[in-house]
Engineer: 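First the structure, which I've put down as structure tokens, then a few questions once you've had a look.
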Amino acid sequence: MLDKNYDHKTVESRIYKKWEESGYFNPDNLPKRHKKPFTIIMPPPNANGHLHAGHALFVTLEDIMIRYKRMRGYKTLWVPGADHAGFETQIVYEKKLEKEGRSRFNMDRQDLYKEIYSFTLDNKKFVEEEIKILGASCDWSREKFTLEPEVVKEVQKTFKKMYDDHLVFRGKRIINWCSKHQTTLSDVETTDEEKKDAFYYIQYGPFVIGTARPETKFGDKYVVVHPKDSRYAQYKDGDTFEVEWINGKITATLIKDEAIDMDFGTGAMTITPWHDAIDFEIAEKYKLDKEQIINFRGKLLPIAGEFAGLKIAEARPKIIEKLKSKGLLVRVEENYIHNVPCCYKCKTPIEPQIMDQWFVKMKSLAESALKVVDDGKIKFIPDNYEKIFRYWMNNSIDWNISRQIVWGIPIPAKICTSCDFAFPDLKDKESQCPKCKGLLKKDTDTFDTWFSSGQWPLLSLGYSQGKDWKIFHPTDVMETGHDLIFKWVPRMIIFSLYLQKQIPFHTVYLHGLVNDAKGHKMSKSKGNVINPINIIDKYGTDALRMALIVGNSPGTDMSLSEDKIRGYKNFANKLWNIHRFINSNTEKITADLKKISSYSDKILLKELSEITKDITSDFEEYRFYLAAEKLYQYIWHRFADVIIEESKPILAGPDIKAILSRQQTLIVIFSQVITMFHPFMPFITEEIYQTLPIKDKNYLIITPRPK
RNA sequence: GGACAUUUGGCGCAGUUGGUUAGCGCGUCGCGUUUACAUCGCGAAGGUCGGGGGUUCGAGUCCCUCAAUGUCCACCA
């Protein structure tokens, strides 16, 4: 006799092991009917911590797609992975070092690398274990780590190829510099923080200029106004002035340029090309001098005179004091609210700096990606993300791919110490500059993680080392978070098109954030984090999966509450008890459609076939949230509440034929429903299916779905 | 400043191309132990679908407009 309470703990771990042993997670082991490939590349979770609710959501969604397609007879491949997550992991590790009173800045590069490597491998194990707990039916034999030697080699080859194709170049550009992390960041790695500062009006020769950053102004010797600004009509482009400035007299030159906003401040500004992107552009345009004012540690350089060596925050009030004493401070507007770009990890204000960095020329690549989307070759779910994608592709700027951190794939390049010429050197053989015969040094930078992640659909399939990519690339669905619509999705499209002239996937399914019950973002500091593994221990994977799926439409953030999860644990128990009822009423009977003779039973089957059709179309259209809810409704409120209740008098009645017909009907309906429902609650459905009286059973994971 | 979303009973959400009395879960209130399930069953209360205007025989669903909320992007020195 079965226990009247369903025990998820024993069932779930036992079943997962059986599935693994069956080998069916690997497409090569699937029965012959599985011919057409269906592939999903798992976005590799960062191997620097445990899984969170967002991971549980993506694993569930992808597993649903894979299980559905597998049961439909596809040769399904879901490639799991783990991401070394360059900058992200380095930051996690730096925090750990900080706690131990250590710092990466006084560590040997090799030692640091080794430490982070073993830290990452440890976390990778946790992550793998947790993905299994979530029920992921992915092919572990094909698991890829983003720092495997083959991956590194391929990524470096791509770099060389792009250099040869003039798509990668090294140049002095203005970049985003994080003074805390001592590295450059790409544009998508900065975030705006609202800050309240003072806004100063300062006399600059005959002009009054406005600034929130007086500490950058030491070297300013160009003042810019709009050519149509009547206030400055008496001055001509190129006029020079003697200006009494912070540390004495300088000669200033007037420039008239339309980049100026006449309505802002006084309509006149001085430029600091080394520390401002707009100023840099103006300086480039007119070939003006550029001078560094702030060093990479965020301290003032000797150009600041008496202020040299001071940090910006310390220097600012002192500089203002001096300007005041010299009578140059015109007025101060307090409470000036503006957005300041900051490091997306530590919120340190970004200090723009001019540096020699590697860049990818994005224009032609972005155009190629735009074209395949225009041609309808790649679809977005929900489709409004297509617009966001388009916007980004039309406005993409050159991509800085070098990072000054050790944790990542090394940029295989040499740089000339005398003429700065830089070029790829995959084999690390060159020692003399081909241009000036100067001494070469090895580039110590690593690639932006997205440079390698962008190639992941090919890399995870082995690319040039294996045959897999020829079978499984282009893949089918890329399922990922909507925040990666900029960071990741376009880059995968770009790289697959560039390297193989193929799209990497035909469908992009984007999920939203998993928030707490009240819709607030989960964060450790708020203490509202739902840990999926703890939840599973309490309610089971199946319950968590349902709670993550029902009512969660693509692209929108969802609220997850423990109440909701508990509700689906109850549902698991309901399923279990339906199963107990059916088992105890159908002893010594094997399912056989032909024995269903009564009219009312045939009506029930017809109803089921209509529901099946409806739910199948929901699956095909990626409406998992609807399919799951409809099945739930049918199972509980139609099958259990009505059909089973109606069956009780029939089964207890005198009509043998009617009893037999009803017994068959119950088995047929239940087994079909269980089969359809399997992608959502894989464990309990498999467990139940194994005890149903059906001939020639295999694992439910490869059982064909009803049509 | 721009873009994209969201707004449906106390809370969280469905409602797919406009079509009968707008659904679900949780919660609330009654009642209930009957061949599975009290992690349950039966029943009930509770919504003028953000405001306004329009199209239509018919609008939660389409169009216009306003508002609130959220997210992203850009940015003024």
Side-chain angles (χ1 to χ4, degrees), chain A residues 1-6 187-188 191-192 199-200 202 209-214 216-217 220 223-224 259-272 275-279 282 336 338-341 382-392 395 482-483 485-486 512-513 515-521 539 543 546-547 550-553 555-585 614 617-618 621-623 625-630 632-633 636-637 640-641 644-645 647-652 666:
Chain A
M1 190 61 193
L2 293 164
D3 196 314
K4 68 177 185 177
N5 294 334
Y6 172 63
D187 296 288
V188 291
T191 173
D192 289 343
F199 192 75
Y200 307 96
I202 305 165
I209 57 153
T211 184
R213 300 203 59 193
T216 64
K217 298 286 167 204
D220 289 10
V223 61
V224 191
I260 294 295
D261 180 354
M262 282 192 275
D263 299 327
F264 187 81
T266 58
M269 73 170 191
T270 59
I271 60 165
T272 315
H275 299 291
D276 185 280
I278 303 275
D279 297 2
I282 295 173
Y336 168 64
H338 60 149
N339 290 328
V340 180
D383 58 9
N384 59 295
Y385 280 89
E386 191 178 310
K387 282 183 200 164
I388 297 173
F389 174 86
R390 278 218 168 80
Y391 177 84
W392 197 77
N395 292 280
H482 66 7
D483 51 325
I485 185 80
F486 299 118
L513 287 174
N515 293 324
D516 75 1
K518 287 174 185 160
H520 301 298
K521 199 172 171 176
Y539 303 104
M546 276 298 277
V550 174
N552 182 10
S553 46
T556 353
D557 295 349
M558 71 166 305
S559 302
L560 181 67
S561 65
E562 214 170 310
D563 278 345
K564 189 176 180 184
I565 302 163
R566 187 164 36 80
Y568 291 109
K569 177 183 159 52
N570 293 351
F571 180 60
N573 201 57
K574 187 77 185 176
L575 270 176
W576 185 249
N577 279 291
I578 292 171
H579 167 227
R580 287 176 66 218
F581 177 84
I582 290 177
N583 263 24
S584 64
N585 281 287
D614 185 33
S617 98
D618 284 338
E621 304 294 323
Y622 300 92
R623 292 187 297 256
Y625 60 106
L626 281 187
E629 195 173 359
K630 283 174 186 169
Y632 172 97
Q633 283 301 315
W636 199 319
H637 300 299
D641 288 353
I644 286 186
E645 290 307 321
S647 303
K648 288 175 184 175
I650 296 171
L651 296 172
L666 290 174

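Heavy atoms only: backbone and side chains are in, while hydrogens, waters and symmetry mates are out. Within every chain, numbering begins at 1; the chains are lettered A, B, ... in the order of the sequence lines, protein sequences first and strands thereafter. Please read all numbers here as calculations on a predicted model, not as lab measurements.
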Engineer: Any side-chain heavy-atom pair from A/Thr211 and A/Met269 closer than 4.5 angstrom?
Structural biologist: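 They are not in side-chain contact.
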Engineer: Quick one: on RNA chain B, does A/Thr191 or A/Ile278 contact a more 5' nucleotide (nearest heavy atom)?
Structural biologist: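 Mapping each residue to its closest nucleotide by heavy atoms, the 5'-most match is A/Thr191.
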Engineer: Using a cut-off of less than 4.0 Å, is there contact between a side-chain N or O of A/Tyr625 and OP1 or OP2 of B/G15?
Structural biologist: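 Answer is yes, contact under 4.0 Å.
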Engineer: Testing the 3.5 Å rule here: is there a donor-acceptor pair between the side chains of A/His520 and A/Asp516?
Structural biologist: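 No, A/Asp516 and A/His520 have no side-chain donor paired with an acceptor closer than 3.5 Å.
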Engineer: Within the structure provided, determine whether A/Leu666 and A/Leu651 are in side-chain contact (heavy-atom separation under 4.5 Å).
Structural biologist: yes
Engineer: Using the C1' atoms only, state how far B/U33 lies from B/G25, rounded to an integer number of Å.
Structural biologist: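 That atom pair is separated by 25 Å.
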Engineer: Could you check whether the side chain of A/Glu645 and the base of B/A36 have a donor-acceptor pair of N or O atoms closer than 3.5 Å, going by distance alone?
Structural biologist: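 In this structure, the two groups form a donor-acceptor pair.
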Engineer: Find the distance A/Phe389:CZ to B/A5:C1' and express it as a whole number of Å.
Structural biologist: 19 Å
Engineer: Considering only heavy atoms from C-beta outward, does the side chain of A/Leu560 approach that of A/Ile565 to under 4.5 Å?
Structural biologist: yes
Engineer: For A/Asp383 and B/A5, give me the distance from atom CG to atom P, rounded to whole Å.
Structural biologist: 8 Å
Engineer: Please pick, from B/C24, B/A36, B/A77, the nucleotide with the shortest atom-to-atom distance to any side-chain atom of A/Gln633.
Structural biologist: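 In terms of side-chain proximity for A/Gln633, the closest of B/C24, B/A36, B/A77 is B/C24.
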Engineer: Which nucleotide wins on minimum distance to the side chain of A/Asn384, given the candidates B/A77, B/A5, B/C13?
Structural biologist: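 When the side chain of A/Asn384 is considered, B/A5 is the closest of B/A77, B/A5, B/C13.
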Engineer: Counting only side-chain N and O atoms of A/Lys521, is one of them less than 4.0 Å from OP1 or OP2 of B/U71?
Structural biologist: no
Engineer: Are any of the side-chain heavy atoms of A/Lys648 and A/Phe581 separated by less than 4.5 Å?
Structural biologist: yes
Engineer: Tell me which nucleotide among B/C37, B/C4, B/A36 gets nearest to the side chain of A/Asn573.
Structural biologist: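 The listed nucleotide nearest to A/Asn573's side chain is B/C37.
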Engineer: Show me, range against range, the stems involving RNA chain B, built from at least 3 consecutive Watson-Crick or G-U pairs below 3.5 Å.
Structural biologist: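 Stems for RNA chain B, defined as runs of 3 or more consecutive pairs: B:1-7 with B:67-73, B:10-13 with B:23-26, B:28-32 with B:40-44, B:50-54 with B:62-66.
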Engineer: Counting side-chain heavy atoms from CB outward, which of B/A77, B/A36, B/A14 is closest to A/Glu629?
Structural biologist: B/A14
Engineer: Please assess A/Arg623 against A/Ser617 for the test side-chain contact (heavy atoms from CB on, under 4.5 Å), listing each intermediate value before the final yes or no.
Structural biologist: CA-CA 8 Å; A/Arg623 292 187 297 256; A/Ser617 98; 3.5 Å; yes
Engineer: Measuring only the P atom in each nucleotide, how far is B/G70 from B/G12? A whole number of Å is fine.
Structural biologist: 14 Å
Engineer: Considering only B/A36, B/C13, B/A5, which nucleotide approaches the side chain of A/Thr556 most closely?
Structural biologist: B/A5
Engineer: Angle between ring planes, A/Trp636 versus A/Tyr632, binned at 30° and 60°: parallel, tilted or perpendicular?
Structural biologist: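 Taking A/Tyr632 first and then A/Trp636, their aromatic rings sit tilted (interplane angle of 30° to 60°).
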Engineer: Under 4.0 Å: is that the gap between some side-chain N or O of A/His482 and OP1 or OP2 of B/A5?
Structural biologist: no
Engineer: Please measure how far the P atom in B/G54 lies from the corresponding atom in B/U61, and state the result in whole Å.
Structural biologist: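 So the two P atoms sit 14 Å from each other.
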Engineer: Please examine the side chains of A/His579 and A/Asn583, heavy atoms only from C-beta on, and report whether any two atoms are closer than 4.5 Å.
Structural biologist: yes
Engineer: Ignoring hydrogens and geometry beyond distance, is the side chain of A/Asn5 in donor-acceptor contact with the base of B/C37 at under 3.5 Å?
Structural biologist: no
Engineer: For the side chain of A/Lys630 and the base of B/U16, is some donor closer than 3.5 Å to an acceptor across the two?
Structural biologist: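 Such a pair exists between side chain and base.
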Engineer: Starting the side chain at C-beta, find the nucleotide from B/A14, B/A77, B/C42 nearest to A/Asp641.
Structural biologist: B/C42
Engineer: Please pick, from B/A77, B/G15, B/U35, the nucleotide with the shortest atom-to-atom distance to any side-chain atom of A/Leu626.
Structural biologist: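 Of B/A77, B/G15, B/U35, B/G15 is nearest to the side chain of A/Leu626.
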Engineer: Ignoring the backbone of A/Asp563, work out which of B/C26, B/A36, B/U35 is nearest its side chain.
Structural biologist: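 Minimum distance to the A/Asp563 side chain belongs to B/C26.
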Engineer: Which sits closer to the 5' end of RNA chain B, A/Gly567 or A/His338, going by the nucleotide each is nearest to?
Structural biologist: A/Gly567
Engineer: Taking the same atom, P, in B/U65 and in B/G58, what whole-Å distance lies between them?
Structural biologist: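 So the two P atoms sit 23 Å from each other.
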Engineer: When the P atoms of B/U20 and B/C62 are considered, how many whole Å apart are they?
Structural biologist: 16 Å
Engineer: Please determine if a side-chain N or O atom of A/Thr270 lies less than 4.0 Å away from the OP1 or OP2 oxygen of B/A77.
Structural biologist: no
Engineer: Does A/Asn570 make a side-chain N or O approach to OP1 or OP2 of B/C40 shorter than 4.0 Å?
Structural biologist: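 It does, given that an N or O in the side chain of A/Asn570 lies less than 4.0 Å from OP1 or OP2 of B/C40.
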Engineer: Tell me, do A/Asp557 and A/His482 make a side-chain contact under 4.5 Å, heavy atoms counted?
Structural biologist: yes
Engineer: Mind checking the C1' distance from B/A38 to B/A45? Whole angstroms is fine.
Structural biologist: 23 Å
Engineer: Measuring from the side chain of A/Asn339 (C-beta onward, heavy atoms only), which nucleotide among B/A77, B/U35, B/A74 has the closest atom?
Structural biologist: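 My answer, after comparing the listed nucleotides, is B/A74.
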Engineer: Given 3.5 Å as the limit, does a donor-acceptor pair link the side chain of A/Lys564 with the main chain of A/Ala547, or not?
Structural biologist: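 Pair found, side chain donor or acceptor close to backbone of A/Ala547.
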Engineer: Hey, does the side chain of A/Ser553 come within less than 4.0 Å of B/A14's phosphate (OP1/OP2), counting only N and O?
Structural biologist: yes
Engineer: Nearest to the side chain of A/Lys387, heavy atoms from C-beta on, is which of B/C4, B/G41, B/U35?
Structural biologist: B/C4
Engineer: Please check the phosphate of B/C24 (OP1 and OP2 only) for any side-chain N or O of A/Trp636 closer than 4.0 Å.
Structural biologist: no
Engineer: Take the protein atom CG of A/Leu560 and the nucleotide atom C1' of B/C11, then report the distance between them rounded to whole Å.
Structural biologist: 14 Å
